[in-house]
Amino acid sequence: MGARTGGAAVAATAVLVVADLAAALARTGVAGRAMPLPGSADARDYFLDFPMATLVAGAMALVAAGALAVLATAYRELTRYARRAGPITAGAVVVLGVAGLAHLALGVLAPVLPTTAVHTLHLVAALGGGVLHVVTLGLVVTVLARSYGWTPGLRVTGAIVGWAAVGTLLTLVAADLVPFASIALLGLLVWLAFAAHQWAYADQRH
């Protein structure tokens, strides 16, 4: 373990947290109106009226995807013995990246795209930047938490928040549970922040 991996983990985690929160704010009405649900009749009007909020959400999703990729690299020493770590982290990055591109496409091309294309991109953006992001990030945390490089408390809490995040898949069939996905994402980000701090501290001691 080198000192650079601890610094990279801290920096990548900070960027991921800020980008994730900024994207969430852009989607939830900081521009004056929350992004409608996929399939809503007024979805096209939203993207025409609030292109900047859509572009910010897309850009922040891409930044978060990049930060997650850097974070996975910084933690590769912890996950190299977990056979599923590579595909899981790659999947999490791809899901978030595709969501970001869908947001950007909506922000730029919504005025000229047919309604069907707008709704399709909207669905991809909402799922990839929403529940699928929470679920895949939860899987990443469960993989990380299995390492004995953490304190017992961090390992246990990582398993709890990670699998709770995976459970947000239920929001796809139970709309009343949607707020739980936001809480789960916050829990994941907090855990990653503590993990980065511990990894950097361990680097300083070696």
Side-chain angles (χ1 to χ4, degrees), residues 1-2 4-28 55-105 124-147 149-150 154-155 157-169 181-200 203:
M1 172 170 53
R4 291 182 180 179
T5 62
V10 170
T13 300
V15 172
L16 175 63
V17 170
V18 171
D20 254 348
L21 294 178
L25 286 174
R27 291 192 303 267
T28 54
L55 291 173
V56 169
M60 290 299 100
L62 291 178
V63 170
L68 186 55
V70 172
L71 190 61
T73 301
Y75 286 146
R76 65 183 179 276
E77 182 176 330
L78 293 174
T79 60
R80 60 183 173 180
Y81 298 115
R83 285 179 290 181
R84 298 183 181 85
I88 287 173
T89 53
V93 171
V94 169
V95 164
L96 198 50
V98 169
L101 293 175
H103 274 105
L104 293 180
V124 171
L127 289 177
V131 64
L132 292 185
H133 171 44
V134 176
V135 169
T136 53
L137 187 60
L139 289 172
V140 170
V141 167
T142 60
V143 169
L144 285 174
R146 294 178 64 185
S147 171
W150 310 117
L154 202 60
R155 293 185 67 214
T157 54
I160 292 172
V161 299
W163 286 114
V166 174
T168 61
L169 273 174
S182 299
I183 296 172
L185 177 59
L186 185 59
L188 293 173
L189 296 177
V190 170
W191 188 90
L192 287 170
F194 276 102
H197 177 269
Q198 186 179 126
W199 190 242
D203 268 354

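Residue numbers count from 1 along this sequence.
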Derivation of the side-chain contact (heavy atoms from CB on, under 4.5 Å) call for Leu104 and Leu62: CA-CA 10 Å; Leu104 293 180; Leu62 291 178; 3.5 Å; yes
Test side-chain contact (heavy atoms from CB on, under 4.5 Å) applied to Thr89 and Leu68, step by step: CA-CA 8 Å; Thr89 53; Leu68 186 55; over 6 Å; no
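- Residues Trp191 and Leu154 come closest through the heavy atom pair NE1-O, 2.8 Å.
- Annotation for His103 and Ala57: closest pair CD2-CB, 3.8 Å, computed over non-hydrogen atoms.
- Atom CG of residue Leu189 and atom CZ of residue Phe194 lie 12.5 Å apart, to the nearest 0.5 angstrom.
- Side-chain N or O atoms of Arg76 include one that pairs as donor or acceptor with a backbone N or O of Thr73 at under 3.5 Å.
- Closest heavy-atom contact between Ala19 and Val63: CB-CG1, 4.0 Å.
- Atom CG of residue Leu55 and atom CE of residue Met60 lie 11.0 Å apart, to the nearest 0.5 angstrom.
- Shown here for Val15 and Ala67, the closest heavy-atom pair between the two residues is CG1-CB, 3.8 Å.
- Side-chain contact check for Leu192 versus Val17: every heavy-atom pair is 4.5 Å or farther apart.
- Under a 3.5 Å cut-off, the side chain of Trp150 and the backbone N or O of Leu144 do form a donor-acceptor pair.
- Between the side chain of Arg27 and the backbone N or O of Gly129 there is at least one donor-acceptor pair closer than 3.5 Å.
- Closest non-hydrogen pair, Ala200 versus Val10, comes out as CB-CG2, 3.6 Å.
- The two residues Asp20 and Ala64 come nearest to each other via the heavy atoms OD1-CB, 4.1 Å.
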Worked verdict on Ile88 versus Thr142 for side-chain contact (heavy atoms from CB on, under 4.5 Å): CA-CA 10 Å; Ile88 287 173; Thr142 60; 5.8 Å; no
Listing, residues 92-100 side-chain donor-acceptor contacts under 3.5 Å, not counting sequence neighbours, or none:
none

